[in-house]
Structure formats: C-alpha cells, structure tokens
Amino acid sequence: MKEKKKFQFPTAYTVIIIVLLLVQALTFFIPSGKYSTLSYDSGKNEFVVTDAKDKKTTEPATQAVLNKYKIKIDVKKFKDGTLYKPVAIPNSYERIKKPKRGVFGTINQFLTAQVNGITDSVDIMVFILILGGVIGIVNQTGAMNAGMLRLSKKLNGKQQWLIVIIMALIALGGTTFGLAEETLAFYPILVPIFLMAGYDALTAVATIYLGTAIGTMSSTINPFSTVIASNAAGISFTDGLPIRLLMWVLAVGLSMFYTIRYAEKVRKDPESSLVYNAIDQKQLDQFKVKNDHNGEFTRRQKITLLAFACGFLIMIYGVQQLGWYFTEISVVFLGVVYVLALISGLKEKVFVDSFVSGAADLIGVALTVGIARSVGIVMETSFVSDTIMNFFSVLISGMNNVLFIIVLFFVYCILGLFIQSSSGLAVLSMPIMAPLADVVGIDRSIVINAYNWGQGLIGLVAPTGLILVSLSMVGIGFDKWIKFVWKLLAMVVGLILIMLVASVLI
C-alpha cells in the first residue's frame, strides 16, 4: 500500500508569488485612480501640485495655499524637511483610465515587478549578503562555537531572561526609531543562543520578530510612523503619547508572557515544539553549536567576536543617532570583513571561501526581500492604492465616533497589508482621514493610534512584510508561524479595541 504524501506548506517564495498573483488579479476589478498631491521644492521655495493626470502646477509656499487645499499642516513642517514626501490633497481623488494590459502585458507586469522589486531592494540584499559573509568567517574561526559554549554555562536556570531582555531591547528600538529590517542581523547570533538554552528556533524568531513588530506597532516617538503621521495630520507627535506608552508596556508584556509560556513548554518537552522535525536540517545546522569543542576560548577568538559585536554596536548607533540606512550599515560590516582579514588568522583561500559560502547561505533570504517588494510595485503601477483609500474614507465618514474608530483600525490593517511603507501610508492617508476625526468629534491623535496599531499589527502576518524574510533566516514555514501567533494576534486585537474605544469615551 502506497504511503500518502503529507501536504507540505509552500515556501516563502511561493507564498509571495501567490499573493502577487492575487493582487494582480484584483487590479483588474479595482478601478484605477489618484489623489492630487502637494510637495515642497526647497530649491525654489514653492509648492508643486500634481493632479491625477500628472499635470504639475506651482504655488507659493505659504500657509494660505495649504489652507486653500484644506491641508491642515503648518507650512514650517515642509520647509524644515519634516514632511519630505508628497502629501495627498483631501477631496481630490479622480478616476483615471486603467493601463491597457492584454495577456502579454499582464505577464510582462508580473515578471517586471519581480525584477524591479529586486532592483529596488538591492541595498537591503547587499547588506544581507555581506552579513552572511561575515558570519561565515566568524564561524570558520570557531569563535562563535567557543563563545556560545561559554555562554551556555551561564544561562542555566536563567533562560527566560533571554526572552525578556532581548524582546524589551528590540521593542524599545522599534518604538523609538523604527528598528525593523536591521533585526535580520540578529538571527545568526541569537538563534544558537536560544538552541543552547533548550528552546527551539521558533522561540528565537518570536522573540526577535515580536520585539520589532509589537515595538513598531506601539510607536511612541518613531519618526517614520508616529512623527510623520502626526505632522501630516497637523498635530504634535506628543499628543496622545501617554496612551501610546501604555500600549507599548501592555502589548510588549503580553508578547513576552506568550512567548515564555511556549518556550518553557518546549524546553521541558522538545517534542511539543511546533517545528519539531519540521525545519530543513541542512539550514538549521548552520546555527547549531558543536558539542565536541575542547572548551578552549582563545584570545584570537575573543578578539574576533569583539570585532563582530562592534559592528552591531556601530550599526545601532548609526541608525538611531545618524539616520543611517542599509548602504551605511553595509559599509560598516564590509569594514568588519577587512578587520577580520587581519585578526582571524585564517589563510587567504579559507578566508575568501568562508565569506563566499556564508553569503551563499543567505542568498535565498536576500531574494525573498526583493520578490516581496514586487507586490507593492504591482499596486503602484496599476494605480489602485488611492482607489482603496478613497473607498474606505467614504465608507467611514458617516459613522458615530465609536464605530468610526473601530472600523478605522481594521481599515488600516487592510491598508497596511498592501502599503508596507509606514511613512508612505502616513502621508497618503492622514490628510484624508484626520479631518474625519473632527467630523465625528474625536481627537486626531486617536486616528494616529488607529493608524499605528492597525498597520503595525498586520505586520505580524502580512506575507508582503518582514515576517517571511525572518522565517527564511531559519527555514521555518509560514504555516508554523501562523499556528504559533494567531492566539496572540487575537489577544492584541482585543487590547487595541479596548484602548481605542476607551480613548473615544473618556
């Protein structure tokens, strides 16, 4: 009797392609349309208004012009560079002719979007490949193995603090400066530590990813979401700050409790792991610490790990204090490569082979980043994002205040699924959604919270976001993540709705 083949959940690539095909199919049914936008030309000190037909006109950069277009934003926010992206003009939505696409045009869009997605994401992909190369070198020296074994002796009985400390620090980065894609660098370091502590790879992913996802969702002073959204809504980002701080404490605390509960269950019974025998062993082997080590932790290995750690410290400082992005971060880790060439003690051929093989281990992760970007490109080239925005703004405009804020939260969950850029969603939606708060009689800061918590929460499960890339780092299937996170997702939704309704009623 033939044994039935067990269903295997699709890989990250296939999940993204399925989403891409579904979005592309939707673009045939959703009308194309655009809002007129207003941007500031600092060189000429004037506003540039672009209408739905891409016709550009100029206006003086004055508060009177902003009032004329019903954009309730201080003109200083444009002139000091706080608002650097085009802002949607309220009530300016227009239908436009849908781009012609036959069979060949559709196929071309499908393929071109993926190539353009990779091209647009090249800075992140280069960072991932250089990081993989650095890790390959460090592993070849034996420094990682020796350091992990030494650390494991100090973890006995203190495993839970790994989750608490790491998640808290990452969530702090998320709420203050939008720490997100940069956390990809932490997986190769932290996964071995979690495995040595008796946890599974899913616990490591949960600790890192929930830290960044819940942290950015509960943004307090994050310039890429809360600050830019508040400015686009015409209010100070400090408005509503206390309730955002409370949300951060409650949501991060809930995530810690949820993760620790699962992790301790796995530590006591490894077979209870959701990824027990479900991870590609070849991919997981790169994270495992060999137990045949003689216990020696040499001075050269310590210096190697110190140089590696310095790269992360410089990265965190640069992102938080200097506004660095992936080009600058890649330069830092490329510098680490040259430092390791001097101190690692590896022969030239071994050193180069280690770098290349380390980069090769993460090529799949790098490609996942690029392909995920293609979904947004299809939305942009089909001009349906503004249509979706206009539909929802009309839908919620006549509701009472409690129903309005509840529906608005779910609207931002949907918008966040399609528009992954937090700053892009802010400047597109806030000039349109924020005035609706005045109509229903609630503070605009509550709209900022609905935006933050909606587009942030969907990041826990959005295939177009960072989650598939994170799972690819360890080789965990998307189905395993959904099985792990769905209860937490439901609990956080309940917490958010309570906070939003309370904000309206109090």
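Just so it is clear, the structure is predicted and the values come from calculations on it, not from any experiment.
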Sort out for me which residue in [options] forms a side-chain contact (heavy atoms from CB on, under 4.5 Å) with [X].
X: S230; options: L241, V447, I448; answer: I448
X: V365; options: V469, L471, I124; answer: V469
X: V384; options: L26, V23, I30; answer: I30

Inset, instruction - Report the C-alpha separation of T27 and Q109 in whole Å, then their side-chain angles, then the decisive distance to 0.1 Å, and conclude whether the side chain to side chain donor-acceptor pair (under 3.5 Å) test is met. - result: CA-CA 12 Å; T27 63; Q109 184 190 42; 4.9 Å; no
Check the side chains of [Y] and [X] for a donor-acceptor pair under 3.5 angstrom, ignoring hydrogens and angles.
X: T112; Y: N116; answer: no
X: Y451; Y: T226; answer: no
X: T183; Y: T212; answer: no
X: S218; Y: T175; answer: no
X: Y93; Y: S393; answer: no

Inset, instruction - Would you check, one step at a time, whether the test side-chain contact (heavy atoms from CB on, under 4.5 Å) holds for Q455 with I419? - result: CA-CA 9 Å; Q455 62 95 20; I419 306 171; over 6 Å; no
Inset, instruction - Not counting sequence neighbours, which residues clear side-chain hydrogen bond (donor to acceptor under 3.5 Å, both in side chains) with T14? List them please. - result: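 Applying side-chain hydrogen bond (donor to acceptor under 3.5 Å, both in side chains) to T14 gives T11.
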Inset, instruction - Please find out if less than 6.0 Å separates the ring center of F78 from that of F47. - result: yes
Legend entry - Pair Y258 + F484: ring centers closer than 6.0 Å: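 Centroid separation for Y258 and F484: below 6.0 Å.
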Inset, instruction - Step through the shown structure and confirm whether more than 12 heavy atoms of other residues, nucleotides or ligands are within 6.0 Å of NZ on K79. - result: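 Buried by this count: over 12 neighbours within 6.0 Å.
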Legend entry - Within 6.0 Å of CZ in F326, more than 12 heavy atoms from elsewhere: yes
Inset, instruction - For residues A171 and W248, report the shortest heavy-atom separation together with the two atoms involved. - result: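 Looking at all heavy atoms of both residues, the shortest contact is O-NE1, 3.1 Å.
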Legend entry - Residue pair S236, D239: steps toward the side chain to side chain donor-acceptor pair (under 3.5 Å) verdict: CA-CA 6 Å; S236 170; D239 293 351; 4.6 Å; no
